[in-house]
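In what follows, a structure is listed as structure tokens, so that the remarks can point back to it.
Since this is a predicted model, take the numbers as computed values, not measurements. In this chain, residues are counted from 1 in sequence order.
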Amino acid sequence: MATPPDQQPVQPYGQPPTIIINNNSAAASAAAVIGGVGLRRRRQSLWAHFWLLMFTAGIGNVFYAMHVSRWNRDRGL
């Protein structure tokens with residue numbers, strides 16, 4: 001059974017299924033945690049600051065603190 005080139009083939013089934021999307025915050029947060037993305041606020045590390053103080057005379061602490069603060073700000077945390 002061939003169809004003429006100017007016609008679409010007839011589909012043997014009816015309408016496509018209805019897709020329902022659940023848009024609530026609990027579902028979105030559960031999906032983020034399950035996916036491993038989970039938005040958690042990054043904290044300053046006492047040990048990182050200690051070793052940066054020892055090895056960079058304190059200037060590394062400034063850059064580390066700026067990095068963590070920027071990371072949290074970019075993610076709205």
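Annotation: side chain of Arg42 is not in contact with side chain of Ser69 (no heavy-atom distance under 4.5 Å).
Note that the CD atom of Gln44 and the NE2 atom of His67 stand 9.5 Å from one another [nearest 0.5 Å].
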Solution key, residues 50-62 side-chain donor-acceptor pairs under 3.5 Å, sequence neighbours excluded:
from	atom 1	to	atom 2	distance (Å)
Thr56	OG1	Leu52	O	2.5
Thr56	OG1	Gly60	N	2.9
Asn61	OD1	His49	ND1	3.1

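Scanning all heavy atoms of the two residues, the minimum distance from Ser45 to Tyr64 falls at N-OH, 3.2 Å.
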